[in-house]
Protein chains: 2
Amino acid sequence: MKNNKEIKKTGNIRALSQHKILIAASTEFVLQGYKGATVQSIADRASLPKANILYYFKNKENIYHAVLEHTLQMWDEGIGDINPEDGPKAAIEKFIEAKVRMSFKHPESSKIYAMEIIQGAQHLKDFARTYQRKWVREKAQLFQQWIDNGEMRDVNPIHLIFLIWSATQHYADFETQILTIMNRADYEDEDVEDVIAFLTDMILRGCGLH
Amino acid sequence: MKNNKEIKKTGNIRALSQHKILIAASTEFVLQGYKGATVQSIADRASLPKANILYYFKNKENIYHAVLEHTLQMWDEGIGDINPEDGPKAAIEKFIEAKVRMSFKHPESSKIYAMEIIQGAQHLKDFARTYQRKWVREKAQLFQQWIDNGEMRDVNPIHLIFLIWSATQHYADFETQILTIMNRADYEDEDVEDVIAFLTDMILRGCGLH
DNA sequence: ATAAAAGTTAACTATTTGGTCAACAGGTAG
DNA sequence: CTACCTGTTGACCAAATAGTTAACTTTTAT
């Protein structure tokens, strides 16, 4: 008696609670790290009793897994797949724009991802080894074709991808530092456009595509 | 009876032990985060009994502070101060080279620094607010002068500094990911030169300085 | 030679924390 | 109405861990 229809009410409260917990957990994991985030602190942030958290997620590691999965989904969406039809200029423009918007919209996702990688990617090794490696190689090959066709300068495509990743994610991961240096409390909408314009300009020129 | 002369032998074992502990602690903090790194794990890695660790450092937070201080010293050295005499081209070249070499030589420092910032820079707020903000503004002004003199393209100097920081540190912080994607076990000396060449080329072009 | 200082270390303690459990509440289907 | 499933929650426990203590050894200064 558990078909998809019946999960309207029951499934609703489940999904709602789980989502609330996920958001709270994300914040805690970013702020305190995996070990530093306690089930109690997640519960407090979600305004639920601790036992209720453990009712929805078997244990703390499960919560973290769910958070990571959520993060990877974000990554997938925000990566702005490169389209061969576009040619190098439009492709790079779209890619940079997608990643910058992503960074400003979901900084926690970027931060959790970054922390996971910095600490050795214990939970993401497989992801990087399979999915991500394939993605990078494919896109690098695409850039190489454009280079061979004389459509853009001869730059190392893999390093180019790394450059775009690092430069865009920086605004999410190092948010605190950047805001402090710029003496601001928060980013403004304008900042997003500024960063897109700056990075697009710099990198297109670097590729001989201005 | 404690003048500087007497600290030759006594000070030696102190300095030696403290250094050994610092190195071990750095690794543990990177791998496990602040809360996740236990005094015992640091002791094990340093091959010392736990009580000995607490003899040299009053408590865990003290160890972390020492590690952070050590990291900031690294940062200071590795930042390769920008010299106004050099002009924009040489200045950017030197800056990029210094930061890239730094990243490959002391990835743990970069990682600890990155984690601290990502988590909200609780221990580094003052550093960023005073020292770092001043540094960035000074250097930005320098770039602005070069721009005004027509010595380089009109690009936002602050974002330029962020770009160089992010692109260079990426190879330290995301080491794991990059190696996995490139299907390698470790970086080679050659990689350092490749990255320096790639980033210098890209960014100089972006600044109209090729 | 010896006293003081510095360093070493096992054992212990108080606290924190992940996870369990059992009792209870609320809604839903037949 | 009633039996069942889902969800809620306080109380509890065992393990982990930061930090203390006190006994002991080694080094240094005179």
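Below, read A as the first sequence line, B as the second, and so on, with proteins coming before strands; counting in each chain starts at 1.
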Handout entry: Euclidean distance, atom CD of residue Gln18(A) to atom C1' of dG7(D) [Å, nearest integer]
Key = 12 Å
Handout entry: N or O in side chain of Arg14(B) less than 4.0 angstrom from dA6(C) OP1/OP2
Key = no
Practice task
Start with the C-alpha gap between Phe127(A) and Trp135(A), add the side-chain angles, then the distance that decides, and say whether ring-ring contact (aromatic ring centres under 6.0 Å, His included) holds.
Solution key: CA-CA 11 Å; Phe127(A) 171 75; Trp135(A) 190 92; over 10 Å; no
Exercise for the section: Report, as a single string ordered 5' to 3', how protein heavy atoms within less than 4.0 Å touch nucleotides 12-22 of chain D: B base, S sugar-phosphate only, - not at all. Expected result: -----SBB---
Exercise for the section: Using only heavy-atom distances, determine whether the side chains of Asp126(B) and Tyr131(B) contain a donor-acceptor pair under 3.5 Å. Expected result: no
Problem - His159(B)/Tyr171(A) aromatic ring centres below 6.0 Å - result: yes
Exercise for the section: Respond yes when some side-chain nitrogen or oxygen of Tyr55(B) is under 4.0 Å from OP1 or OP2 of dT8(C), and no when none is. Expected result: no
Exercise for the section: For the residue pair Tyr34(B) and Glu28(B), confirm or rule out a side-chain donor-acceptor distance under 3.5 Å. Expected result: no
Practice task
Quickly work out the Lys20(A) NZ to dG7(D) C1' distance and round it to whole Å.
Solution key: 13 Å
Is there any protein nitrogen or oxygen under 3.5 Å from a nitrogen or oxygen in nucleotides 24-26 of chain C, and what are the pairs?
none

Handout entry: Side-chain donor-acceptor pair present, Gln119(A), Gln32(B), cut-off under 3.5 Å
Key = no
Fill in the blank from the handout: From OH of Tyr56(A) across to P of dC5(D) the rounded distance in Å is 17 Å
Exercise for the section: Decide if atom CD of Gln144(A) counts as having more than 12 heavy atoms of other residues, nucleotides or ligands within a radius under 6.0 Å. Expected result: yes
Completion exercise
note: Phe57(A), atom CZ; dG19(C), atom P; distance rounded to Å ~ 13 Å
Fill in the blank from the handout: Separation of dG7(C) atom C1' from Ile53(B) atom CD1, nearest Å, is 13 Å
Practice task
Tell me, please, whether Phe174(A) has Lys111(A) positioned over its six-membered ring: NZ or CZ under 6.0 Å from the ring centre and within 45 degrees of its axis?
Solution key: no
Handout entry: Rounded distance in Å - CD1 (Ile13(B)) to C1' (dT8(C))
Key = 10 Å
Exercise for the section: Mark yes or no: Lys35(A) above the aromatic ring of Phe29(A), with NZ or CZ under 6.0 Å from the six-membered ring centre and no more than 45 degrees from the axis. Expected result: no
Fill in the blank from the handout: Applying side chain to side chain donor-acceptor pair (under 3.5 Å) to Arg133(A) and not counting sequence neighbours gives Asn183(B)
Handout entry: Rounded distance in Å - CG (Asn52(A)) to P (dT6(D))
Key = 15 Å
